[in-house]
Protein chains: 2
Amino acid sequence: MLNLISGENMFTKSCQYAIRAVIFLAENQASDKNTGVKEIADALHVPQQFLAKILQQLSRHNLISSVKGPNGGFYLGEDNAEVTLLDIVECMDGKSTLSTCILGLPNCTNEHPCPLHHHFYGSREGLKATLSSCVVGALVNGQVLSAK
Amino acid sequence: MLNLISGENMFTKSCQYAIRAVIFLAENQASDKNTGVKEIADALHVPQQFLAKILQQLSRHNLISSVKGPNGGFYLGEDNAEVTLLDIVECMDGKSTLSTCILGLPNCTNEHPCPLHHHFYGSREGLKATLSSCVVGALVNGQVLSAK
DNA sequence: GATAAAAAAGATGGTTTTATCTTTTTTTTT
DNA sequence: AAAAAAAAAGATAAAACCATCTTTTTTATC
Ligand code: FES
Ligand code: FES
């Protein structure tokens, strides 16, 4: 479920965790060692098993890379160099998220607008543009990444 | 829960129904007859009892007006003339909705930013401004309001 | 080959959101 | 006063989301 305006947060929990995890991986891009779920979960103060599911989902969609076995873990490789926030969001919350009518009505078009369409269409396109311009590998700036 | 970006919709279901119902009431502002839950629910094709809860919540917060008994129902009166979309959203999804960190981290400030803060702070403030500038009573334009 | 480490996958609970059902209160009309 | 209409409130259930526990698969190291 993607609630762009109402709800407790702009992103779902799954999506928040996914983004934070991927940015964390981006910080370790240089090092050639993999990062395990436990290490990520501990660093971000996020439930480990829930994060594991999220990382599996991202990995299945080739947004991050993984290796099994000892010294295994997750990493951002060359395959993932172009991954954007929009990819992450769509992977976790579905593609429809940023295209459907914000009031849940069918046929969101300029010709068939709901009473809010013209007020928010522009903002939403702007958000989409921002999301697709954010390449996750480049989102590292030593900024706050975890709670606690 | 208000999910401004991720999730199925920008607004929660409760919030969508609330907004659509209030706009529907705005259309009947002129007439001095009240509108019952059943009539609204039928017009918007939304679950009647769920809508009833939502209207009760809006009424409790004085965002809409109601009268009980025969010929009772809901209406937008002078008390509700200044109600904005922001009021509706905050009433349904909580005040914190548009202020907390979009990654769920504590202390969303420019001095203590998460990696996404600077990318989205502006857009979110813009959305908030748009929401607070939309007086619901003025949102009527004969546009699509219900599915089906 | 045996062992251990780690992701992957399967199964199961808990919580919140969404939705429905029933009862109560208020108020108009008869 | 009685009856009826409608919101208000209480209780319960279904669905989605969040979280955890367990088992399986893969793979490196011994
Ligand atoms: S946002 Fe409602 S029709 Fe486009
Ligand atoms: S949006 Fe994350 S700190 Fe402001």
Side-chain angles (χ1 to χ4, degrees), chain A residues 1-3 6-9 11-18 20-21 25 32-42 44-75 77 89 91-94 96-97 104, chain B residues 1-3 6-9 11-18 20-21 25 32-42 44-75 77 89 91-94 96-97 104:
Chain A
M1 213 269 242
L2 184 158
N3 296 35
S6 76
E8 182 70 23
N9 301 103
F11 296 101
T12 58
K13 230 59 181 300
S14 301
C15 211
Q16 289 180 352
Y17 293 168
R20 288 168 61 196
L25 288 177
D32 56 352
K33 120 179 194 318
N34 302 313
T35 312
V37 185
K38 179 160 172 36
E39 183 179 346
I40 305 175
D42 286 351
L44 305 184
H45 299 100
V46 155
Q48 178 176 338
Q49 308 284 19
F50 188 42
L51 183 62
K53 295 294 184 194
I54 290 167
L55 295 175
Q56 283 166 32
Q57 165 104 350
L58 294 172
S59 181
R60 252 182 264 123
H61 286 75
N62 299 114
L63 301 182
I64 64 177
S65 305
S66 74
V67 293
K68 286 178 160 188
N71 308 315
F74 297 91
Y75 66 99
V89 171
C91 178
M92 299 309 300
D93 294 326
S96 70
T97 284
Chain B
M1 215 269 239
L2 183 158
N3 298 34
S6 74
E8 181 71 20
N9 302 102
F11 294 100
T12 58
K13 225 66 179 302
S14 300
C15 213
Q16 289 180 352
Y17 293 167
R20 288 169 59 197
L25 288 177
D32 55 353
K33 123 181 192 319
N34 303 313
T35 313
V37 184
K38 179 160 172 35
E39 184 180 344
I40 305 174
D42 286 353
L44 305 183
H45 299 100
V46 304
Q48 178 177 337
Q49 309 283 19
F50 187 43
L51 183 63
K53 295 294 185 193
I54 290 166
L55 295 174
Q56 282 167 31
Q57 165 104 351
L58 294 173
S59 181
R60 250 181 267 123
H61 286 75
N62 299 113
L63 301 181
I64 65 177
S65 305
S66 73
V67 292
K68 287 179 160 187
N71 307 314
F74 297 90
Y75 66 99
V89 171
C91 178
M92 299 310 299
D93 294 324
S96 69
T97 285

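Quick note on labels: first sequence line is chain A, next is B, and so on, each numbered from 1. Since the structure is predicted, the reported quantities are computational estimates derived from the model, not experimental observations. Computed over heavy atoms, backbone and side chain alike; hydrogens, waters and symmetry mates excluded.
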Taking [atom1] from [X] and [atom2] from [N], how many angstroms apart are they, rounded to a whole number?
X       : N      : atom1 : atom2 : result
A:Gln56 : D:dA19 : CD    : C1'   : 14 Å
B:Gln16 : C:dA19 : CD    : P     : 10 Å
B:Leu55 : C:dT20 : CG    : P     : 15 Å
A:Phe50 : C:dG10 : CZ    : C1'   : 16 Å
B:Gln57 : D:dA8  : CD    : P     : 12 Å
A:Asn62 : C:dA7  : CG    : P     : 17 Å
A:Phe74 : C:dA8  : CZ    : C1'   : 9 Å
B:Ile54 : C:dA19 : CD1   : P     : 8 Å

Strictly below 4.0 Å: does [X] bring a side-chain N or O up to OP1 or OP2 of [N]?
X       : N      : value
A:Ser59 : C:dA8  : yes
A:Arg60 : C:dA9  : yes
A:Ser66 : C:dA8  : yes
A:Thr12 : D:dC17 : no
A:Lys13 : D:dA19 : yes
A:Tyr17 : D:dC18 : no

Please report the interatomic distance [atom1]([X]) to [atom2]([Y]), rounded to the nearest 0.5 Å.
X       : Y       : atom1 : atom2 : answer
A:Leu51 : A:Lys38 : CG    : NZ    : 12.0 Å
A:Gln48 : A:Lys53 : CD    : NZ    : 12.5 Å
A:Ile54 : A:Ser59 : CD1   : OG    : 13.5 Å
A:His61 : A:Met92 : NE2   : CE    : 9.5 Å
A:Ser65 : A:Leu58 : OG    : CG    : 11.0 Å
A:Leu25 : A:Glu39 : CG    : CD    : 9.5 Å

Discussion item. Checking A:Leu44 against A:Tyr17 for the side chain to side chain contact (heavy atoms under 4.5 Å, CB included) test, could you report, in this order, the C-alpha distance in whole Å, the side-chain angles of both residues, the deciding distance, and whether it holds?
Written reply: CA-CA 8 Å; A:Leu44 305 184; A:Tyr17 293 168; over 6 Å; no
Worksheet item: In B/S/- notation, 5' to 3', how is nucleotides 21-30 of chain D contacted by protein heavy atoms closer than 4.0 Å?
Response: BB--BBBBS-
Practice prompt. Indicate the atoms forming the closest heavy-atom contact of B:Ile40 with B:Ala21, along with that distance.
Written response: CG2-CB, 4.1 Å
Discussion item. I need the minimum non-hydrogen distance between B:Gly104 and A:Gln16, along with the two atoms involved.
Written reply: N-NE2, 3.5 Å
Discussion item. Under 4.0 Å, heavy atom to any atom of DNA chain C: which of residues 32-41 of chain B qualify?
Written reply: none
Worksheet item: Given the rule that a pair is Watson-Crick or G-U wobble with both distances under 3.5 Å, how would you write DNA chain C in dot-bracket, using | for pairs to a different strand?
Response: ||||||||||||||||||||||||||||||
Worksheet entry | A:Asn34 side-chain N/O to A:Tyr75 backbone N/O, donor-acceptor pair under 3.5 Å | no
